[in-house]
Amino acid sequence: MHRWSKLFIPTLREAPADAEVASHKFLIRAGYIRQLGAGIYNYLFLGQRSLNKIIGIVREEMDQIGQEFFLPAILPKELWIESGRWSGMGDNMFRLKDRKGADLCLGMTHEEVMTSIARSELRSYKQLPQIWYQIQTKFRDEPRPKSGLLRVRQFTMKDSYSFDIDAAGLDKSFDLHDAVYRKIFTRCGLKFVAVEADSGAMGGSQSQEFMVYTDAGEDLIASCPVCDYAANLEKATSRLEPVAEVEPTGDGNPELVHTPDCAAIASVAEFFKISPASDIKCVAYMGLKRGQSGKPDTWHGVASFLRGDHQVNETKLMGAVGAADLRTMLPEELELFFKGPAGYLGPVGLKHNEKPLEEGLTVVVDQSLEGRKNLVAGANKSDYHLRNVIPGRDFTWTLMADIRSVNEGEACPTDNCGGKLVVGKAVEVGHIFKLGYKYSESMGARVLDLNGKQVTPIMGSYGIGIERILTAAIEQSNDENGFWLPASIAPFTVVVTVTNVSDAALRDAGEKLAEELAATGLDVLLDDRNERAGVKFKDADLVGIPYRINVGKKVASGFIELVSRDKATSIDVALADIVAQVKQRVAEEALLTAVED
RNA sequence: CGGGGCGUGGCGCAGCCUGGUAGCGCAUCUGCUUUGGGAGCAGAGGGUCGGAGGUUCGAAUCCUCUCGCCCCGACCA
């Protein structure tokens with residue numbers, strides 16, 4: 001049992017002016033955290049207590065499938081040179097030198113270290129599979145820390161890594177993590193959704209994120225209200241309605257048309273009296289190709305063509321051409337590759353590469369243009385467009401791929417579903433990922449298989465953002481007075497508020513009650529401060545404790561009040577029944593966050 | 001990095017434009033009263049005005065540089 005009067009819980013009546021999202025404001029107002037620098041926070045008593053409960057749940061569940069390690073946070077350069085990420089991580093990596101001048105970095109993830117253990121210790125398929133995890137501080141020099149604990153430069157992550165003999169084994173390790181993650185987030189009381197995610201430059205085969213819907217989130221999720229389809233917008237696909245093609249003009253071949261002041265899609269559509277879906281849009285990029293084996297990185301022209309009413313999905317485009325980065329083309333580059341100005345770019349007559357990201361221009365055409373007819377496109381000449389353009393007949397491409405972003409209201413891609421996709425903002429609390437052979441291969445991890453042949457183990461990596469669980473929980477449960485956490489992760493389960501400590505009878509009743517509750521194993525906070533009742537009620541509402549017991553005048557007749565923070569409901573309970581009542585409430589709530597074993 | 005904004009007691013702000021002894025609310029401390037939704041009265045303490053340089057008789061205020069923080073875009077747990 002803890003006494004509020006002895007604790008450091010610096011609650012604030014007002015939030016700092018620069019806090020924008022609810023969780024940021026309340027974490028500070030409730031005395032959970034204090035800021036030390038951009039994206040760097042002190043965790044105070046209540047905050048640390050809640051994080052410790054989250055860590056406890058994560059550890060308990062992870063122990064069901066893996067083994068806990070604890071790796072260093074300060075890491076030598078050499079490992080990262082081997083994996084190619086010393087340069088690949090760029091400015092996101094905190095770097096430092098030791099007294100001898102040797103390069104070190106602060107760990108932002110631990111594939112390299114885990115793989116180094118695996119390669120020096122694992123020798124036989126008989127030792128596989130292995131799942132190793134740790135709960136540890138990560139350092140990432142984010143370009144823009146923001147929103148309190150949502151995006152920070154130092155945070156706690158549970159990261160795990162699996163080593164399997166083959167792809168089937170990896171599938172199993174992946175599925176084990178999927179199941180355990182669901183248990184963890186359920187026990188933490190999060191309303192989460194698992195979505196398909198982009199596997200990006202990491203080159204893995206499957207990637208799934210665990211997301212909690214909130215407007216504070218930075219990701220966009222497309223989901224189907226009918227079936228269970230859900231995907232990060234970076235990855236999401238949809239089924240398009242067929243488009244009514246326009247009739248050809250003249251002999252049906254491309255025809256040059258004078259189109260003054262028609263640089264915008266809308267004005268082109270207006271000019272030709274067509275839907276933007278019958279116009280070909282061009283977005284021109286420069287794509288970054290990572291230099292192989294010590295060679296410098298290079299930029300190459302990438303022209304993307306898609307329907308006028310669609311938007312380029314840069315994540316998909318990068319994946320399609322294998323670029324490490326994209327930027328838009330400068331005017332002089334447009335002139336070089338297209339001989340034409342922005343607004344009048346088109347695919348007809350363009351010379352393109354056979355392979356992406358080589359000398360010359362890489363032309364990428366979105367799938368939705370396949371089989372289309374009689375389209376309008378820029379003529380690569382100021383104030384001119386072409387009509388009657390047919391993909392394949394009038395122009396070709398380096399590659400055709402899905403490079404567009406889906407829009408809300410488009411049809412779900414699942415066969416025979418028919419649902420309309422909705423798009424919502426969410427925060428990522430976990431990510432599970434089939435890595436493949438990238439690290440085991442490059443760093444030389446090998447084991448002998450059943451036949452005595454040397455093989456490379458296949459890896460997976462899996463992360464949970466500890467602080468993000470707390471942040472997401474606050475985002476999903478708050479009102480103007482504060483927030484409430486599920487009992488499983490709240491710093492205390494119940495606060496016993498003595499309305500007037502100068503009344504000895506109330507004080508004694510509160511003491512006795514708090515002792516009794518604590519004796520049953522509940523986390524009890526006794527508010528024994530010499531403050532007015534209103535102050536204590538306000539504080540109790542603020543700090544995230546799910547239950548409150550008011551010890552007031554009704555004690556004289558043997559009653560106290562039990563208040564549930566979430567619904568702000570209060571009932572009178574006989575003193576003799578209160579311990580049982582609280583236990584029952586907590587048990588009922590626990591049922592909601594219970595997981596099957 | 002590009003764009004925008006802000007730095008004045010612990011927190012929230014005013015003062016700056018038009019230079020002239022730094023103010024308000026909350027919080028803190030003392031005393032008395034009060035005690036079920038952030039109490040009242042009386043008194044007290046606390047600020048190199050982010051930092052450096054400059055202009056001026058005189059700078060929180062004007063100029064230059066610099067540091068920090070927040071927000072919007074490219075990354076990720």
Side-chain angles (χ1 to χ4, degrees), chain A residues 10-21 24-25 28-29 31 34-40 58 89-93 108-109 135-160 181 197-198 200-202 207 209-212 217-219 232 234 285 288 314-315 318 324-328 427-433 461-472 481-482 497-503 506-507 529-542 548 550-555 560-561 563 568 570:
Chain A
T11 58
L12 262 30
R13 195 182 288 221
E14 287 177 286
D18 55 17
E20 301 247 326
V21 302
H24 187 196
K25 289 180 186 166
I28 290 177
R29 282 193 56 204
R34 287 293 185 262
Q35 184 174 23
L36 191 60
I40 307 175
V58 170
M89 284 300 190
D91 290 337
N92 264 26
M93 181 182 267
M108 44 198 297
T109 176
I135 297 166
Q136 206 234 24
T137 305
K138 294 284 187 278
F139 300 89
R140 295 183 187 177
D141 195 359
E142 289 286 340
R144 190 153 88 80
K146 57 175 289 198
S147 305
L149 292 189
L150 213 51
R151 175 151 163 159
V152 288
R153 297 198 291 172
Q154 171 176 339
F155 62 97
T156 314
M157 181 158 104
K158 186 292 297 177
D159 49 322
S160 46
Y181 274 36
D198 175 55
M202 300 278 276
S207 170
E209 292 168 333
F210 294 85
M211 315 291 291
V212 174
E218 303 179 278
D219 286 89
N232 196 306
E234 293 175 345
Y285 293 97
L288 183 69
E314 296 188 356
T315 307
M318 282 199 287
D325 197 9
L326 289 178
R327 65 169 174 81
T328 50
V427 56
E428 179 183 0
V429 291
H431 197 161
I432 58 179
F433 193 76
S461 84
Y462 317 85
I464 289 179
I466 301 296
E467 292 89 337
R468 279 199 179 169
I469 292 180
L470 174 60
T471 309
N481 292 322
T497 302
V498 178
T499 57
N500 183 356
V501 291
S502 52
D503 182 331
L506 298 189
R507 197 181 60 229
R529 292 175 298 168
N530 184 19
E531 292 284 355
R532 295 165 63 88
V535 173
K536 297 188 186 187
F537 292 158
K538 288 288 185 189
D539 271 346
D541 286 348
L542 176 63
R548 183 174 91 220
N550 294 336
V551 179
K553 291 198 181 92
K554 287 180 232 169
V555 156
I560 52 184
E561 290 162 359
V563 182
S570 163

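Computed from a predicted model, the values in this text were never measured in an experiment. Residue numbers begin at 1 in each chain, while the letters A, B, ... track the order of the sequences.
- Comparing B/G38 with B/G43, their P atoms sit 25 Å apart, to the nearest whole Å.
- By the ring pair (Phe, Tyr, Trp, His ring centres under 6.0 Å) test, A/Phe210 pairs with A/Tyr181, A/Phe185, sequence neighbours left out.
- Both A/Leu36 and A/Pro16 sit near RNA chain B, but only A/Pro16 has its closest nucleotide nearer the 5' end.
- Pairing for B/A14 is absent, judged as Watson-Crick or G-U wobble with the two contacts each under 3.5 Å.
- B/C69 and B/G53: their C1' atoms are spaced 23 Å apart (whole Å).
- Here B/C6 presents its P atom at 14 Å from CG of A/Asp18, a figure rounded to the nearest Å.
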Check step by step if side chain to side chain donor-acceptor pair (under 3.5 Å) holds for A/Thr315 and A/Asp198. CA-CA 8 Å; A/Thr315 307; A/Asp198 175 55; 5.2 Å; no
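- Note on A/Arg29: a base of the nucleic acid sits closer than 4.0 angstrom, heavy atoms only.
- Across all strands, A/Asp539 comes closer than 4.0 Å to base atoms (heavy-atom distances).
- Summary of the strand contacts: A/Pro145 and A/Arg529 both lie near RNA chain B, and taking for each the nucleotide with the nearest heavy atom, the more 5' one is attributed to A/Arg529.
- Take A/Met318 and apply the side chain to side chain contact (heavy atoms under 4.5 Å, CB included) test, not counting sequence neighbours, and it matches A/Ala323, A/Leu326.
- Computed from coordinates, the A/Arg34 CZ to B/G10 P distance equals 13 Å when rounded to whole Å.
- There is a side-chain donor-acceptor pair under 3.5 Å between A/Asp219 and A/Asn232.
- Under 4.0 Å is where a charged nitrogen must lie from a carboxylate oxygen, and between A/Lys553 and A/Asp503 no such pair does.
- When Watson-Crick and G-U wobble pairs are counted only if both distances are under 3.5 Å, B/C32 pairs with B/G40.
- When both pairing distances are held under 3.5 Å, B/C69 makes a Watson-Crick or G-U pair with B/G5.
- The C1' atoms of B/G9 and B/A27 are separated by 11 Å, rounded to the nearest whole Å.
- Taking A/Arg548 as the reference, A/Asp541, A/Asn550 meet the side-chain hydrogen bond (donor to acceptor under 3.5 Å, both in side chains) condition, with sequence neighbours excluded.
- Taking atom P on both B/G15 and B/C62, the two are 12 Å apart, rounded to the nearest angstrom.
- Taking atom P in both B/A22 and B/A59, one finds a spacing of 12 Å when rounded to whole Å.
- Summarising the geometry, the separation between CD on A/Glu14 and P on B/C13 is reported as 7 Å, rounded to the nearest angstrom.
- Between A/Gln35 and B/G68 there is no side-chain polar atom (N or O) within less than 4.0 angstrom of OP1 or OP2.
- Looking at heavy atoms from C-beta onward, A/Phe139 lies in side-chain contact with A/Thr137 at the 4.5 angstrom threshold.
- Rounded to whole Å, the separation between the C1' atoms of B/U8 and B/G51 comes to 14 Å.
- No contact: A/Gly90 has no heavy atom under 4.0 Å from any strand.
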Taking protein heavy atoms under 4.0 Å as touching, what does nucleotides 72-77 of chain B look like 5' to 3' if B marks base contact, S marks sugar-phosphate-only contact and - marks none? BBBBBB
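- Between the CG atom of A/Leu12 and the C1' atom of B/A27 there is a distance of 9 Å, rounded to whole Å.
- Rounding to the nearest 0.5 angstrom, the gap separating the CG atom in A/Asp539 from the CG atom in A/Asn481 is 11.5 Å.
- In this structure, NZ of A/Lys536 is placed 13 Å from C1' of B/G38, rounded to the nearest angstrom.
- Considering only residues two or more places apart in sequence or on other chains, A/Ser147 meets the side chain to side chain contact (heavy atoms under 4.5 Å, CB included) condition with A/Val21, A/Leu150.
- Following rounding to the nearest Å, A/Ile28 (CD1) and B/A27 (C1') show an atom-to-atom distance of 17 Å.
- Note that the CZ atom of A/Arg29 and the NZ atom of A/Lys538 stand 9.0 Å from one another [nearest 0.5 Å].
- Judged by distance alone, with hydrogens and angles left aside, the side-chain atoms of A/Arg153 form a donor-acceptor pair with the main-chain N or O of A/Ala38 at under 3.5 Å.
- Backbone-only contact: A/Ala15 has heavy atoms under 4.0 Å from sugar-phosphate atoms and none from a base.
- Nucleotide B/G46 is matched to nothing when pairs are restricted to Watson-Crick or G-U wobble geometry with both distances under 3.5 angstrom.
- Taking the C1' atoms as reference points, B/G31 lies 15 Å from B/G45, given to the whole Å.
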Dump every N/O contact between nucleotides 31-36 of chain B and the protein below 3.5 Å, one line per pair.
unit_1: B/U34; atom_1: O2; unit_2: A/Arg532; atom_2: NH1; d: 2.9
unit_1: B/U35; atom_1: O2'; unit_2: A/Asn500; atom_2: ND2; d: 2.7
unit_1: B/G36; atom_1: OP2; unit_2: A/Lys553; atom_2: NZ; d: 3.1
unit_1: B/G36; atom_1: N1; unit_2: A/Glu561; atom_2: OE1; d: 3.0
unit_1: B/G36; atom_1: N1; unit_2: A/Glu561; atom_2: OE2; d: 3.1
unit_1: B/G36; atom_1: N2; unit_2: A/Glu561; atom_2: OE1; d: 2.7
unit_1: B/G36; atom_1: N2; unit_2: A/Glu561; atom_2: OE2; d: 3.2

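- Pair assignment for B/G53 gives B/C63, based on Watson-Crick or G-U wobble hydrogen-bonding distances that are each under 3.5 Å.
- If you check every strand for non-hydrogen atoms under 4.0 Å, A/Pro10 touches nothing.
- Nucleotides B/G47 and B/G36 place their C1' atoms 38 Å apart, quoted to the nearest Å.
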